[in-house]
Every structure is written in structure tokens, then in C-alpha cells.
> 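Dumping the structure here so I can ask a few things about it.
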Amino acid sequence: MTATTAESGFFVALNRGRGAFLRFAAYLGAMVGIAAMAKFGAGAYEENAFLYQILSMKGLMWGGTGALAGCGLAVVASTLKPSLLDAKSARNFVPWLDGFVLMVVLAAIWALFEPAQSQISYDNQSNLFAGRVIMAMNVVFIFSAVSYIAYLFAPDSFIGRVATWSAYAGVYLGGSALLLRWHESYLFDLDIGHAPVSNLYEVFILLFCITAAIYLALEKRYQAKAMGAFVMTLVSAGVFFGVWLDSVGQADIKPLVPALQSYWMKIHVPMNFVGYGSFAVACGAGMAYLFRYRLESKGGTSKMLAIFPSLDQLDQLAYKAVAIGFPAFTLATILGAAWAAEAWGGYWSWDPKETWALIVWLIYGSYLHARVSHGWHGKALAWWAVAGFLVTVFCFLGVNMYLSGLHSYGHLS
Amino acid sequence: MTPEAFMANMPRMQSFPSFFKYIWQRLGSMSLAIILLVVLAIASVIGTVLLQNQGQADYLQQFGPLWYWVFRSLGLFDMYHTWWFLTILGFLMLSLSACLWRNVPKMLKDMRSRKATVTDKALKHFQYSNRWQLDGVSDVAAIQAAFQKRLQGWEFRTAEEGDRHSIRADKGRWNKWGYILVHSAILVILVGGWMGAHFGFRGNMAVPEGSADNEISFLQGTQTGHKTMPFMVRCNSFFIDFYPTGAPKEFRSNLTIIDGGKEVLTSDIIVNEPLYYKGVRIYQASFGDGGSDIVLKLFHMDGSEAITTASTQVYKSWTDKDTGIVLKITDFKPYNVENLADPGQAKKFQDLGPAVEYEMRGPGLKPVKIKSFMNPFVDLNGVNHGSFMMISLTGDDADYKPVALGLDLTHPVEWKLFHAFMKHLSALSGKQSKQANLEAFRAAMNDVFGEGERPKGFQEMAMRTLQAVNMLPQLPWPILPVLSDFTQHYYTGLQLARDPGMNVVWIGSALLVFGLCIMFYMPHRKLWLIVQPKDGGMTVTLAGMVNRNHLVFNKDFHDLFTKLGDDFAGLSS
Ligand code: HEM
């Protein structure tokens with residue numbers, strides 16, 4: 001792992017300094033503007049038409065005003081305190097937000113390929129275009145995993161680049177497919193429309209994209225390419241599960257039950273999956289650690305060892321991923337509690353899903369403490385990261401499949 | 001820890017205070033924290049695997065007497081309220097307090113004191129340190145300026161020790177506040193939860209349309225508790241809205257709060273949008289039938305052609321005086337959306353209309369459960385297949401089987417036609433040719449509609465009557481009760497809750513998230529630049545320390561070292 005990343009001058013300029021800072025402020029302003037529209041705008045928030053509220057003239061006005069205000073504030077603030085221009089948060093977040101804008105553009109392009117309105121029927125959703133984009137995403141993610149594994153055995157920079165670029169492609173395909181699905185849900189009937197985070201199939205795609213994106217961010221910053229073989233293999237396993245879900249008819253867009261018709265869902269669910277995704281990456285780092293540990297103890301092939309991050313670095317990477325996931329998961333759980341308080345009258349009911357979220361949280365909490373306290377070292381912690389992810393998987397899959405409760409939206413029927 | 005090691009670690013217990021101090025130290029130790037978190041996680045699993053708060057009889061049947069007794073005495077059926085689970089939580093609070101008590105003063109002191117100097121001995125132990133030998137540079141101020149320019153937004157402190165000039169730079173100096181906030185936030189949340197459990201309540205109330213209630217009921221361990229609210233809630237009306245697929249889209253109740261005999265507030269509530277009155281939140285939780293008025297037509301099967309009516313209500317029983325049959329009405333639904341497509345085909349949802357559900361008992365009859373639909377079954381091609389029912393011989397909902405009665409009983413004339421047909425058929429006395437049957441049907445038609453007169457769609461009617469002839473005589477019941485009219489009343493299922501600890505929990509939650517962000521994303525970074533003249537030039541040492549996130553710091557430290565090297569090289573030329 002070398003200290004600096006060689007990047008072309010244009011991207012460097014784009015993603016730091018004034019440009020990044022102002023853009024970051026504009027994005028934040030636009031988000032605040034949209035939130036303000038949902039809260040205070042005429043007609044306020046409408047579950048059944050929120051996407052079009054954002055995309056309408058009204059949304060443009062609110063979002064645009066917010067963006068301009070954000071930019072203005074940023075100019076003032078950065079004149080008063082120039083050191084703000086180096087703010088890490090702007091530099092770290094701006095590429096993500098840019099990427100999101102790109103996804104929106106992609107989704108808009110895909111929307112051109114949608115079948116004619118007369119061809120669209122709720123009963124047979126197989127001709128919708130998002131399904132095809134998702135299929136492409138599946139293929140690309142699996143291809144990426146294979147390339148990452150190939151890279152381990154043939155550490156050739158071309159293979160490595162192919163692996164990375166296909167992972168990026170997968171993220172953009174998946175993200176834009178989800179956005180397109182949001183649009184598609186309105187095509188049947190405005191009443192049915194809702195954000196694409198309402199069933200297991202949709203959140204799975206979200207999970208792949210978030211996991212891959214978090215991994216790619218770490219890869220870019222810390223040159224940890226060997227870890228990709230593990231993370232993307234996890235993603236591919238998920239892809240197979242998603243394909244199976246599709247094959248048993250769980251991929252259809254279905255209307256929302258009353259309990260889920262809330263703006264809380266749009267915040268709570270994605271935030272949760274930021275947590276899950278980071279834990280998946282931590283698991284990948286843990287597996288890489290254990291793999292390297294085995295290689296070392298067997299005096300394994302030096303070529304592979306040469307491209308692997310060191311044990312200490314892998315340990316740090318796992319920690320880094322948990323450090324992203326733990327606060328996100330904490331916030332998501334609190335948001336869930338707030339939603340429950342509003343919808344059901346109690347912020348905590350010991351419902352199985354809630355309880356398992358608590359269990360996951362406790363497991364990673366104890367992981368963090370174990371790191372600080374003496375006596376627990378690399379290998380044990382790597383196992384902890386792997387086991388923690390198994391618990392996480394049970395929390396978001398097993399609970400839906402085996403235990404009953406309020407979160408039955410994910411039930412496999 | 002092995003027992004021996006444990007004993008070795010124990011201080012000699014000469015006095016109670018030293019024992020107490022020992023316990024206090026153990027309580028605030030990190031290993032106890034880890035153990036507590038893991039134990040809490042494992043304990044929580046039990047409550048999700050064993051369904052909580054079910055009927056005791058169900059548990060007994062599921063586990064058998066021995067395990068039932070074991071589980072019950074451990075309180076596993078209402079696990080999260082058992083003394084032992086609460087004790088673990090109590091321990092967690094104690095442990096948190098102990099560890100805050102021990103660490104906070106130290107941390108506050110550390111955050112305030114920033115020693116600029118570092119001894120050479122200490123320098124050896126730094127994980128990050130590197131040095132330059134600068135020849136031909138003597139300007140300490142320029143070196144310091146270059147250092148400070150590279151570290152925008154850092155705080156600096158300098159010290160002079162003989163010829164040794166030290167500059168200390170700090171960033172994220174308040175990082176330990178993250179620790180303090182996170183750990184006190186957990187305490188705050190637990191206190192908030194305790195306040196809610198002790199001073200709050202949460203229970204259910206079912207209010208039929210048009211009536212009012214002020215009592216909630218809730219589970220209290222294995223029993224049901226009751227509580228009276230200081231106001232009445234009246235349900236004026238209840239609506240359900242459906243998606244085209246038949247899935248419910250919205251439940252809405254119009255409620256009026258009556259306080260001290262006066263109507264103080266009228267408002268709609270839906271799921272996710274509760275009503276707030278006098279510290280109590282009122283939520284839309286469920287709904288059901290609130291005693292709808294039901295009119296059944298009883299078709300007497302004794303050949304008398306008689307049709308009588310029974311007017312009753314859901315949840316009531318109705319006894320037929322002639323036959324002794326008792327109908328217990330259990331439920332009514334105005335919409336019954338079913339998938340009519342064949343298995344494997346694309347789904348076709350259709351509303352089959354209103355249906356009433358009742359249990360029928362009578363002398364010499366096996367009790368059955370029946371769902372009787374008001375409308376005849378019209379298939380997707382528009383063909384009327386006559387009235388129908390769902391019948392469960394076991395009384396279990398899973399055993400419902402659709403039964404086509406043949407006749408469309410919404411038209412009394414078909415009931416007449418059926419009897420006329422039966423009469424003519426029996427006149428045939430055993431002759432069973434197709435021709436004879438047709439002849440009998442024609443005669444029946446003439447009887448009912450007049451010579452040669454045929455109503456529209458009589459072919460379908462013929463099919464239905466044939467079906468009825470095969471079907472109806474098989475039914476063992478003296479009467480056939482069919483839903484004929486209704487006036488629907490819903491009840492709305494409300495949940496009423498008050499939680500004075502809730503805001504405390506939200507404050508704790510905010511502190512927790514805020515603290516976590518400080519803790520993880522604003523690590524305390526310390527850098528020292530130590531400048532010391534040597535051999536006509538300067539030895540400059542850069543040393544660094546960080547309390548977490550070494551990956552980034554490592555990278556940044558080396559970046560800084562490279563860049564400063566260039567800066568310093570510029571100074572000497
Ligand atoms: C539910 C309970 C708790 C939660 C969620 C929690 C959370 C955390 C987190 C996230 C960290 C940061 C770890 C890191 O540096 O990566 C931490 C550190 C720490 N925790 Fe806890 N903790 C809890 C209970 C406790 C208890 C009971 C103790 C006392 C024994 C304790 C003592 C500590 C200590 C000493 C540190 C290290 C602080 C430092 O040096 O920065 N924690 N805790």
C-alpha cells in the first residue's frame with residue numbers, strides 16, 4: 001500500500017478544494033430543500049407521488065432554492081474561514097453524491113426503453129426494463145467476483161482494473177435499476193407507487209450496491225484490492241439468492257401495506273443497509289485476514305502474499321468498515337424506533353426484528369471493545385468480524401424467514 | 001481467566017472497603033463490559049426463538065409438561081421482563097457508571113493539558129516518527145511557519161527547552177467527549193426506558209362504530225390488565241380503502257374525544273398518523289367487525305318451498321324455533337378479494353362481494369363452519385354459476401372448501417323452479433333418460449313461467465338447476481342460511497399509549513449518534529515538530545500519535561513528511 005494515489009489532474013481538481021466544497025454544499029442544500037418541501041410545501045408529502053413531487057416543477061423549485069442557498073452559505077463560510085475548503089467531509093462525500101446524480105441520469109435513460117403503457121400490466125411484470133438492468137447487474141457482479149479471484153492468482157494490473165471497473169458498473173446498474181423501479185411502480189397505478197425499498201428483493205439489490213460501493217471506496221483509498229475477492233464473492237452469493245427470489249416470483253412490485261406508507265421507510269431502510277453493507281465488507285476483510293494468516297503459516301505462495309495487504313492493514317480495514325457501519329446501524333435502529341413510536345405507539349416492542357437488530361449492535365459493540373482492550377488480537381477479531389456478519393445475515397434474512405413479527409414485509413410466501 | 005489467576009488478582013481482603021474497591025474496579029473493567037454485551041445478546045436470542053406472550057395452553061402443548069414447567073419458571077414466556085434479564089440490564093448500568101466515574105476525570109484532564117515537549121525517551125516509543133537533517137538552515141521561525149502552513153485548522157503550542165524548540169499540533173482534541181457522550185447516552189436511554197415502563201402504559205381498545213369507550217386492556221405477564229383513561233374515545237366511523245389487488249391500502253378512523261362529558265376534539269387517524277390528547281397517543285392499530293346487522297334467508301329443505309328470514313348481528317347467536325338449529329355469527333366481511341386464476345396462471349383478482357361467517361349446530365347435526373356469500377359466483381367470462389358457500393367440516397379455516405349450490409338464490413324464482421323440477425322428476429318415477437330429464441325441466445319451466453314463456457338466459461338457469469338437483473339433496477341440514485342483506489358496522493382497534501420516558505430516550509439517542517460520530521470520525525491526532533541545532537544545521541523530528549484510525553493517519557503522516565521535506569529543502573536553498 002503506497003501513500004498516494006496517482007490520479008489524473010482533472011479528477012483531483014474536481015474532487016477537492018472549492019469545487020468539491022461548493023458542490024457538497026449544493027447537494028446538502030438540495031436535500032434540505034426537498035425535505036422542507038415534504039414537510040412544509042403545498043400539499044406536503046404524498047406517499048403515492050413523492051417521486052413525482054421531487055421531479056415536478058415544485059420539487060425543482062424547492063431543491064434548486066436549497067442548492068443555491070447551500071452554495072451561497074458555502075461561499076460566505078469559506079471566505080470567512082478558508083481552511084474549510086480542505087474539509088475532509090466534502091472531499092469524501094462529493095464523489096458519492098456525484099455518483100448518485102449519475103445514477104439518476106442513467107435511470108432516466110433506461111426509462112426510454114420502457115414498454116408502451118398499453119403493454120404494462122400489474123399481473124405480468126416481466127417486460128419492465130428494470131428487470132433487464134438488474135439481470136445485467138447480476139452478470140456484471142459475478143464477472144467482477146471472478147476477476148477479483150483471478151487477480152489473486154495472476155496479479156496482473158489489467159485483470160485488477162477489469163475487476164474494479166466491473167464492480168463500479170455493477171453498482172451503477174443496480175442503483176439505476178432501483179431508481180427505475182421506483183418510476184415503474186407508478187406505471188401500474190399511481191396508488192401503487194412507492195420507493196424501491198419495500199421488499200426483500202429490492203433491499204437485496206440495495207445491499208449489493210452499498211456493499212460494493214463501500215468496498216470500492218476502501219479499495220481506492222487504501223489499495224486493498226486483494227480484499228475484493230472476498231467481498232465480491234459475498235456479493236455474488238447474494239446475487240444468486242436474488243435470482244432465486246426472482247424465480248419464485250418474489251421480484252414483483254407490490255403495493256405497500258398501510259404500516260409501511262411512511263417517509264420513515266425511505267430513511268430507515270437505506271440507513272440500515274449502509275450498516276449491513278459495511279458489516280459485509282468487514283466480513284470480507286476478516287476472511288482476507290484469515291486467508292492470509294493461513295498462507296503465512298503455511299509459508300504459501302509469495303506472489304499472492306505480495307499483493308495482499310498486511311495482516312495489520314486488513315485488521316485496520318475491518319475496523320474501518322465497522323467504524324462506518326456501527327454509527328450508521330445505530331442511527332438506523334434509532335430511526336426504526338422513532339418510526340415504531342409513531343406508527344405503533346411504542347419505540348421498542350421486543351419484536352424479533354428489533355431484538356435481532358439489538359443483537360447485531362451488541363455483537364459489533366463488543367467487537368469494538370475487544371479491539372480496545374488487551375488480550376484480543378488479530379485472528380480472534382477477524383473471526384469476530386466474520387461471525388458478526390453471520391449474525392447480521394440472520395437478522396435481515398433469517399428473521400424474515402423463520403420468525404414472525406411486525407417486520408413481516410420481507411416474508412417469503 | 002483461570003480461577004488461579006483470578007485468585008492471584010484478588011487483593012487480600014483485609015477490610016470491607018478494599019473489597020468494595022475491588023468490586024468497583026471489576027465493574028468498570030472492559031472485560032466485564034464485553035461479557036455483559038455478549039450475555040445480553042445471547043439472552044435476547046431466546047426471546048426471539050420462543051414466541052413471547054402466547055397462551056399458556058399453547059406452550060403446554062408445544063413443549064410438554066416438563067419443559068413447559070422449566071421454561072415457565074425461568075419466565076421465558078415473558079422473558080424481557082424477568083428479574084434476571086432486568087438484572088443484566090442493571091449490571092450494564094452499574095458497569096457503565098463505574099467506567100464513566102473512573103475515566104471521565106482523567107479524560108477531562110488529558111483534554112485540557114497539552115504538553116508541548118516530548119523527551120527523547122518518549123520519542124522512541126512513538127509509532128510514527130521520522131527526522132530530517134537540514135544543513136544550512138538556521139531559521140526556526142521559518143520551519144515553524146512551514147509546519148503550521150501545512151496544517152490548516154490545527155491548534156498549536158510551542159515550548160522552548162534549552163536549544164530545543166518543540167511545536168505541538170492537535171486536531172480533534174475533544175475526541176474523548178465522544179466516549180463520554182456515547183457511554184452516558186446508553187445510561188440515559190436505559191433510564192428513559194425504565195421511566196416508560198414504570199410511569200407509562202400501553203394498551204388496546206376496540207371501539208365499535210357509533211360507540212365510545214374509556215378502558216384499555218394489555219398483557220401483564222400472563223394475565224390481562226385493564227386501565228381506565230381520563231377521557232372517552234368515540235369512533236364515529238371507520239373506512240378501509242383497497243388497492244386494485246385487494247390488499248388494504250388505508251385504514252382510517254374518525255374519532256371524537258369526550259372529556260368531562262364534552263366533545264373536545266374530532267379528528268381522523270390513520271396508521272402512521274396518530275392522535276395526541278392529554279399526553280396519550282392514540283394509534284390506529286387494527287379493525288374488525290363491530291357487530292354488523294345481518295339478514296339471512298333460510299331456505300327450508302323439507303320440500304315446503306318455505307323461505308324465512310333471520311335478522312341478527314355478528315357475535316350473536318340465533319335460534320330457529322322450527323328446527324332447533326343454532327347459528328352463531330362469527331364474522332362479516334364486505335369485500336372478499338380472491339385470486340380466480342388457475343394455479344400457475346397469471347393472477348386474476350376479483351372481489352366476490354360480502355360474506356358472513358357462522359357456525360351451525362343443531363339436534364343430530366355435526367357442527368360446521370360456513371362462509372356464505374351474498375352474491376352468486378360470476379366467473380371471469382360473465383357466466384353466473386349460482387350462489388355458493390365455503391364450508392369447513394372441521395371448523396378449521398384451513399379446511400374451507402367452496403361448494404356451488406347451483407341456484408342463484410338472489411332470485412326466488414329459481415328456488416321455485418328447483419322445486420317444480422324436483423316434483424316433475426319424481427313423477428318420472430325412476431326413468432332416468434336424458435330425454436325424460438329434459439321433458440321434466442320443460443314442464444317445470446312451464447309451471448313457473450307460463451306455457452312457452454322463457455326468461456332471458458334460461459340456458460344458464462337450466463345448468464344451475466341441474467347442478468342444484470345433484471347438490472342440494474345431499475346437504476344434511478334442514479335449512480340453508482344464505483346471506484341476503486347487511487348493515488355494516490366496524491370496530492376500530494386502537495392502541496393508546498403514554499410514555500413519559502420517550503423524550504429522554506430520544507435525547508439519549510441523539511447523544512449516542514453524536515458521540516459516535518465524534519468518537520469515530522474525529523480522532524485525536526497529535527503531531528510534534530522538534531527542532532534542535534546540530535552540526536551547524538538542524539535536526540528536525542516529526543512525531544505523531546493518534547488514538548484510532550491508523551490507516552488514514554499512517555498515510556497522512558507520510559504525505560506530510562514528504563511535503564514538509566520539500567518545504568524545508570526550499571528553505572535551505
Ligand atoms: C451498551 C453499552 C456500550 C456501548 C454501545 C459502548 C460503545 C463503545 C464504543 C463504540 C467504543 C469505541 C470503540 C473504539 O474505539 O473503536 C467504546 C469504547 C470504550 N468503552 Fe464502551 N460501550 C458500552 C459499554 C461500555 C461499558 C459498560 C464500559 C465499561 C466498562 C465501556 C468502556 C469503554 C472504554 C474504556 C472504551 C475505550 C475508550 C477509548 O479509549 O477511546 N463501554 N465503547
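Letters go in sequence order (proteins before strands), and every chain restarts at 1.
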> Tell me whether F514(B) at atom CZ has more than 12 heavy atoms from other residues, nucleotides or ligands lying less than 6.0 Å away.
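Not buried by this count: 12 neighbours or fewer within 6.0 Å.
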> Kindly indicate, with the supporting measurements, whether the criterion side chain to side chain contact (heavy atoms under 4.5 Å, CB included) is fulfilled by L368(A) and F520(B).
CA-CA 11 Å; L368(A) 289 171; F520(B) 283 118; 3.5 Å; yes
> Could you tell me the separation between the CD atom of Q313(A) and the CG atom of N554(B), rounded to the nearest 0.5 Å?
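The CD atom of Q313(A) sits 7.5 Å away from the CG atom of N554(B).
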> Which one of R281(B), R202(B), Q152(B) has the most heavy-atom pairs closer than 4.5 Å to chain A?
R202(B)
> Examine whether an atom of I334(A) lies under 4.5 Å from a heavy atom of chain B, and if so say whether it belongs to the side chain, the backbone or both; otherwise answer neither.
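Both parts, heavy atoms under 4.5 Å.
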> Identify which part of Q495(B) has an atom lying under 4.5 Å from any heavy atom of chain A, answering side chain, backbone, both or neither.
side chain
> Rounded at 0.5 Å granularity, tell me how far OG1 in T48(B) sits from CZ in F394(A).
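One gets 6.5 Å once the value is rounded to the nearest 0.5 Å.
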> Which pairs with one or both residues in residues 322-343 of chain A pass side-chain hydrogen bond (donor to acceptor under 3.5 Å, both in side chains), sequence neighbours excluded?
W264(A)-E342(A), T330(A)-W361(A), W339(A)-N272(B)
> How long is the gap from CD1 on I34(B) to CZ on R371(A), to the nearest 0.5 Å?
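These two atoms lie 12.0 Å from each other.
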> What distance do I359(A) atom CD1 and L37(B) atom CG have between them, rounded to the nearest 0.5 Å?
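CG of L37(B) is found 13.0 Å from CD1 of I359(A).
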> Take atom CZ in F93(A); do more than 12 heavy atoms of anything else shown fall under 6.0 Å from it?
no
> Between H369(A) and H183(B), which heavy-atom pair has the shortest distance, and what is it?
NE2-NE2, 3.7 Å
> Using side chain to side chain contact (heavy atoms under 4.5 Å, CB included), reason through K320(A) and V552(B) one step at a time and then give a plain yes or no.
CA-CA 10 Å; K320(A) 185 80 205 166; V552(B) 177; 4.2 Å; yes
> Look at the aromatic rings of Y80(B) and W350(A) and report parallel, tilted or perpendicular, splitting at 30° and 60°.
parallel
> Name the region of D241(B), side chain, backbone, both or neither, that has any atom closer than 4.5 Å to a heavy atom of chain A.
neither
> What distance do L516(B) atom CG and L331(A) atom CG have between them, rounded to the nearest 0.5 Å?
9.5 Å
> Looking at G153(B), A43(B), A497(B), S44(B), which has the largest count of heavy-atom pairs under 4.5 Å with chain A?
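Ranked by heavy-atom pairs under 4.5 Å with chain A, first place is S44(B).
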> Examine whether an atom of V505(B) lies under 4.5 Å from a heavy atom of chain A, and if so say whether it belongs to the side chain, the backbone or both; otherwise answer neither.
side chain
> Can you measure from OH (Y521(B)) to CG (N92(A)) and round to the nearest 0.5 angstrom?
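That separation rounds to 10.5 Å.
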